[in-house]
Amino acid sequence: MRLLERMRKEWFMVGIVLAIAGAKLKPSVGVNGGPLKPEITVSYIAVATIFFNSGLSLKTEELTSALVHIKLHLFIQIFTLAFFPAAIWLFLQLLSITSINEWLLKGLQTVGCMPPPVSSAVILTKAVGGNEAAAIFNSAFGSFLGIVITPLLLLLFLGSSSTVPFTSIFSQLFMTVVVPLIIGQIVRRYIKDWLERKKPPFGAISSSVLLMIIYTTFCDTFSNPHIDLDKFSLVLILFIIVSIQLSFMLLTFIFSTRNNSGFTPADTVAIIFCSTHKSLTLGIPMLKIVFAGHEHLSLISVPLLIYHPAQILLGSVLVPTIKSWMVSRQKGVKLTRPPV
């Protein structure tokens, strides 16, 4: 019974495993030109659906109260979209001399280029009792920034391995990402009360569509006889990803708790999660566009598919520890504060 309950809660993780297994069993169904026609249903309809859904669910009207914390927002966005990808690039220069699969290493670089997720960082910040408004703002604002910055970072660090011209990549990004997102925000303005009352399952809808994208991506992989993924590389990548997450969480903690940082303990909690979490929902569709037609697309996607559950699992494990630190730190601040 407990196993069934856990599977229900972790249905998306189970779905990823089933999607990859289904692609392995019958890859011909989801390849380009196959029965699912992913060149249309995935590249355009599925991606547009995810971003329209994001536009509907993003509560941008609630973000104005968090605008005043400019220093906090700058720290998170610069760390996420500048320091993170640059640090990964430097780290990969060392890893390039190892025997780890080169496409998995390129996949690690794509993880560094991704924007923060809309949900997981906010959920974990709220669970700890941190600055939820700042977490919401930076997750939403980072997602908007990522629409423009992430493709540029991917092209900067990896180059376009796509057969599609540069201008076509950005025109497709505009039509399938930006336009649906804007339409979603416009529609939200008119049905906001209904959305607040009914609370549609936005996360479940996006995740279901995302499973279809993952399935078709791996269909392309398994239909290609020249691709071989060794287990040693996969295990090493898993270890590296967990190490990166722990190292960056510690780094953001050290920087944000310095005496002259100006951040409260609640701010630090938001910084730790928002600066180190990466979006799978926005990332996979972008990879599908930027690396359209690339035979190693699924291998490039693997590190991001690992990073997503790892960040949620690691964050959940650390919630009690971070919460006890924050509470004790807040009590210490109150005790040291002079009486009015």
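Below, each value reflects all heavy atoms present in this structure, side chains not excepted, and no hydrogens, waters or symmetry copies.
For Asn259, the CG atom is loosely surrounded, since the number of other residues' heavy atoms within 6.0 Å does not exceed 12. Heavy-atom neighbours of Lys26 NZ from other residues, nucleotides or ligands within 6.0 Å: at or below the threshold of 12. Within 6.0 Å of the CZ atom in Arg197, the count of heavy atoms belonging to other residues, nucleotides or ligands exceeds 12. Phe202 CZ: more than 12 foreign heavy atoms inside a 6.0 Å radius.
Note: Ser301 OG to Lys106 NZ = 14.0 Å, rounded to the nearest 0.5 Å. Note that the CE atom of Met212 and the OG1 atom of Thr49 stand 9.5 Å from one another [nearest 0.5 Å]. Distance check, rounded to the nearest 0.5 Å: CG of Leu236 to OG1 of Thr98 gives 7.5 Å. For the atom pair CE of Met326 and CD1 of Ile272, the computed distance is 10.5 Å after rounding to the nearest 0.5 Å. Between atom CD1 of residue Ile88 and atom CD1 of residue Ile244 there is a gap of 3.5 Å, rounded to the nearest 0.5 Å. The distance from atom OG of Ser324 to atom CZ of Arg329, rounded to the nearest 0.5 Å, is 13.0 Å.
Linking Ile, Leu, Val, Met, Phe, Trp and Tyr residues whenever their side-chain heavy atoms come within less than 4.5 Å leaves Leu250 and Phe91 in two separate clusters. In the hydrophobic clustering of this structure, Leu297 groups with Ile284; members are Ile, Leu, Val, Met, Phe, Trp, Tyr whose side-chain heavy atoms approach within less than 4.5 Å, directly or through other members. The hydrophobic clustering, which links ILVMFWY residues whose side-chain heavy atoms are closer than 4.5 Å, places Leu105 and Ile97 apart. Both Phe232 and Ile306 are part of a single hydrophobic cluster, where members link through side-chain heavy atoms under 4.5 Å apart. Grouping the Ile, Leu, Val, Met, Phe, Trp and Tyr side chains by contacts below 4.5 angstrom, directly or via other members, places Ile205 apart from Tyr44.
Note on ring orientation: taking the six-membered ring where Trp is involved, the planes of Phe137 and Phe141 are parallel (angle under 30°, cut-offs 30° and 60°). Using the six-membered ring where Trp is involved, Phe83 and Phe248 have ring planes that are tilted, between 30° and 60° apart.
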Decide side chain to side chain contact (heavy atoms under 4.5 Å, CB included) for Gln311 and Thr276; before the verdict, give the C-alpha distance in whole Å, the side-chain angles of both, and the deciding distance to 0.1 Å. CA-CA 8 Å; Gln311 72 188 6; Thr276 58; over 6 Å; no

Show the numbers, then the answer: is there a side chain to side chain contact (heavy atoms under 4.5 Å, CB included) between Val187 and Phe52? CA-CA 9 Å; Val187 173; Phe52 174 74; 4.2 Å; yes

Assess the residue pair Leu158 and Phe291 against the criterion (side chain to side chain contact (heavy atoms under 4.5 Å, CB included)); give the C-alpha distance rounded to whole Å, side-chain angles, the decisive distance to 0.1 Å, and a yes or no. CA-CA 10 Å; Leu158 298 170; Phe291 296 96; 3.8 Å; yes

Does the side chain to side chain contact (heavy atoms under 4.5 Å, CB included) test come out yes or no for Phe263 and Thr257, once each step is laid out? CA-CA 7 Å; Phe263 298 128; Thr257 52; over 6 Å; no

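Side-chain atoms of Gln93 come within 3.5 Å of backbone N or O of Trp89 as a donor-acceptor pair. A donor-acceptor contact shorter than 3.5 Å links the side chain of Ser139 to the backbone of Pro117. The backbone N or O of Ile147 lies less than 3.5 Å from no partner atom in the side chain of Thr150, so there is not a single donor-acceptor pair. The closest donor-acceptor contact from the side chain of Lys71 to the backbone of Ser261 lies under 3.5 Å. In this structure a side-chain-to-backbone donor-acceptor pair under 3.5 Å is present from Thr41 to Leu36. Listed for the Thr80 side chain is no donor-acceptor partner under 3.5 Å among the backbone atoms of Gln77. No donor-acceptor pair under 3.5 Å is formed between the side chain of Gln185 and the backbone N or O of Leu56.
Across every non-hydrogen atom of Pro27 and Cys219, the tightest pair is O-CB, 3.4 Å. Across all their heavy atoms, Ser243 and Ser247 have their closest contact at O-OG, 2.7 Å. Minimum heavy-atom separation, Leu211 to Gly15: CD2-C, 3.4 Å. In terms of heavy atoms, Gly30 sits closest to Thr216 at O-CB, 3.6 Å. The two residues Val31 and Ser28 make their nearest non-hydrogen contact at CG2-O, 3.4 Å. Pairing each heavy atom of Ala270 with each of Thr125, the nearest pair is CA-OG1, 3.9 Å.
The closest side-chain heavy-atom distance from Lys278 to Phe84 is below 4.5 Å. At a threshold of 4.5 Å between non-hydrogen side-chain atoms, the residues Phe253 and Ile322 do not count as touching. With a 4.5 Å cut-off on side-chain heavy atoms, Pro85 and Leu81 do not count as touching. Counting heavy atoms from C-beta outward, Asp267 and Thr264 have side chains that approach closer than 4.5 Å. Residues Tyr307 and Leu108 form no side-chain contact, since every pair of their non-hydrogen atoms from C-beta on lies 4.5 Å or further apart. Phe273 has its side chain within reach of Val128: a pair of non-hydrogen atoms, C-beta onward, lies under 4.5 Å apart. Contact annotation: the side chain of Pro115 never approaches that of Leu145 to less than 4.5 Å [non-hydrogen atoms, C-beta and beyond]. Two residues are said to be in side-chain contact when any heavy atoms from C-beta on lie closer than 4.5 Å; Leu95 and Leu92 meet this criterion.
Ion pairing of Glu196 with Arg188 is present here, as a side-chain N (NZ or NE/NH1/NH2) and a carboxylate O approach within less than 4.0 Å.
Side-chain rings of Phe255 and Phe79 stay apart, their centers remaining 6.0 Å or farther from each other.
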